[in-house]
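First the structure, in the form of structure tokens, and then the observations on it.
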Amino acid sequence: MKKIGVLALQGDFELHIKMLETMGAPACEVRTPADLRTVGGLIIPGGETTTMDRLLRFSGLDKAVSRRFRNGTLPVYGTCMGMILTAREIEEYPELFCFGFIDMKVARNAYGRQVDSFEADVKMKLGNGANGKPFNAVFIRAPQVVELGAGVEVYARHNSLPILMSQGNCLAGSFHPELTDDSRVHKFFIDNFVEA
Ligand code: GLN
């Protein structure tokens, strides 16, 4: 089984590592382009986009992740800030780095401030019998999709807005499954993107 890297420059990477270990998936922290070479998939956790902008450029991981994604050897799953980074455009922040893996424009902190964080039970269409019971989605200063390209597949919505989507080798979601003990989205990533 391929090792899954979790981008560990900043943010809540530890909980993703814990989730992967609980699932029995080999996992490691990624801080440098050398770390990145050892993994078969990458999770980009929640965090702070403005801080990440500097750290990605400084570490050289901006180019290293882009290169491997574009040559088809690095499936990516971004949560919250990670989802923002997968977009092609960040509303009101054109200066911030984003990878452009998914044809969408996102708005940061679109649900309000930290105090406006919330949880919601959402239905997901993940296939492979993973539908079942609703998913407890945790939103923390979460982004919203404000434009979505026709080529993007949507697996879950909240109040009609897409909250889990993919394009090509990239999965992205605005909520934090690593804060729950429900590993269905991580499993979906591993089964359908990393091991595909
Ligand atoms: N508000 C953060 C940002 O825009 C993202 C929030 C998160 O990842 N929990 O950078």
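Atoms within each ligand, like the ligands themselves, are counted from 1 in listed order. Side chains included, hydrogens not; waters and symmetry mates left out as well; all remaining heavy atoms used.
Less than 4.0 angstrom separates some heavy atom of I84 from each of these atoms of ligand 1: 3 (C), 4 (O). Counting atoms of ligand 1 from 1 in the listed order, those under 4.0 Å from a heavy atom of G46 are 8 (O). Per-residue contacts place I140 under 4.0 angstrom from the following atoms of ligand 1 (heavy atoms of the residue considered): 6 (C), 7 (C), 9 (N). Atoms of ligand 1 found under 4.0 Å from any heavy atom of H176, numbered from 1 in the order shown, are 9 (N). Within ligand 1, counting atoms from 1 as listed, the ones closer than 4.0 Å to a heavy atom of R141 are 1 (N), 5 (C), 6 (C).
A distance-only check finds no donor-acceptor pair linking the side chain of R184 to the backbone of M124 [under 3.5 Å]. Within the 3.5 Å criterion, the main-chain N or O of E48 finds a donor-acceptor partner in the side chain of Q10.
Salt bridge present: K187 and D191 bring a charged side-chain N and a carboxylate O closer than 4.0 Å. The pair E153-K125 does not meet the salt-bridge criterion, since no charged nitrogen lies less than 4.0 angstrom from a carboxylate oxygen. Contact check on E147 versus R88 returns a salt bridge, with a Lys/Arg side-chain nitrogen under 4.0 Å from an Asp/Glu carboxylate oxygen.
Of the protein's heavy atoms, N109 OD1, 2.3 Å lies nearest to atom 1 (N) of ligand 1. Of the protein's non-hydrogen atoms, R108 NE, 2.7 Å is the one closest to atom 4 (O) of ligand 1. Taking atom 7 (C) of ligand 1 as the reference point, the nearest protein heavy-atom neighbour is C80 SG, 2.8 Å. Here the protein heavy atom with the shortest distance to atom 3 (C) of ligand 1 is T49 OG1, 3.1 Å.
Hydrophobic clustering, with ILVMFWY side chains joined whenever heavy atoms are under 4.5 angstrom apart, groups I43 together with F135.
Cation-pi geometry between R108 and Y93 is satisfied (NZ or CZ under 6.0 Å from the ring centre, within 45° of the ring normal).
Residue contacts with ligand 1, taken as heavy atom pairs separated by less than 4.0 Å, do not involve T50 at all. At a heavy-atom distance under 4.0 Å, no atom of M52 approaches ligand 1.
A centroid separation of 6.0 Å or more is found between the aromatic rings of H158 and F175.
Polar contact with ligand 1: present for M81 (N/O pair, distance under 3.5 Å).
For the atom pair L42 CG and F193 CZ, the distance stands at 14.0 Å (nearest 0.5 Å).
Nearest-heavy-atom check against atom 5 (C) of ligand 1 across G47, S174, G78, G11 picks out G47.
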